[in-house]
Amino acid sequence: MPSGGAVVISELLVNDEKPGPVPAALMSLNMLIETEGRNYTPAEYSAWLKEAGFRHIERVWFDAPAANGAVIGRKP
């Protein structure tokens with residue numbers, strides 16, 4: 001990705017403490033049972049973006065169908 005580019009991860013995010021919000025925690029449980037996966041926290045996405053060289057990482061919370069937030073990272 002060229003300098004100045006951005007990646008936006010829009011997802012049903014579990015909060016950093018992992019107990020909620022309830023819809024995200026329930027989806028995470030469903031993912032664990034059906035796929036051995038789970039929903040991730042903004043802190044986890046932020047760490048992966050930082051490791052991949054993204055900076056100016058921000059979290060945005062909102063209400064939308066199938067998503068409650070986004071993690072945005074920019075390439076320096």
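For the numbers below, each heavy atom of this structure counts, side chains included, while hydrogens, waters and symmetry mates do not. As the structure is a computational prediction, the values presented were derived from the model and not from experiment.
- None of T41, I9, I57, D16 except one satisfies the side-chain contact (heavy atoms from CB on, under 4.5 Å) rule with S46; the exception is I57.
- Annotation: ring-ring contact (aromatic ring centres under 6.0 Å, His included) contacts involving residues 50-76, sequence neighbours excluded, are absent.
- Here N15 pairs with nothing under the side-chain hydrogen bond (donor to acceptor under 3.5 Å, both in side chains) rule; sequence neighbours left out.
- Closest approach of P76 to R55, counting heavy atoms only: CG-CG, 3.9 Å.
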Run the side-chain donor-acceptor check on residues 18-32: report pairs under 3.5 Å with partners two or more places apart or on a different chain.
| residue | atom | partner | partner atom | Å |
| --- | --- | --- | --- | --- |
| S28 | OG | N39 | N | 3.1 |

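- Counting only residues at least two apart or in different chains, ring-ring contact (aromatic ring centres under 6.0 Å, His included) contacts with residues 5-26 are absent.
- Here D63 contributes atom CG and N68 contributes atom CG; the two are 7.5 Å apart, rounded to the nearest 0.5 Å.
- One hydrophobic cluster, built from ILVMFWY side chains closer than 4.5 Å, cannot hold both V60 and W48; they sit in different ones.
- Applying the side-chain hydrogen bond (donor to acceptor under 3.5 Å, both in side chains) test to Y40 and every residue at least two apart in sequence or in another chain returns nothing.
- Legend: residues meeting side-chain contact (heavy atoms from CB on, under 4.5 Å) with A6, ordered by chain and number and at least two apart, are R74.
- Both V71 and V7 sit in one connected hydrophobic cluster of ILVMFWY residues. Membership requires side-chain heavy atoms under 4.5 Å apart, directly or through other members.
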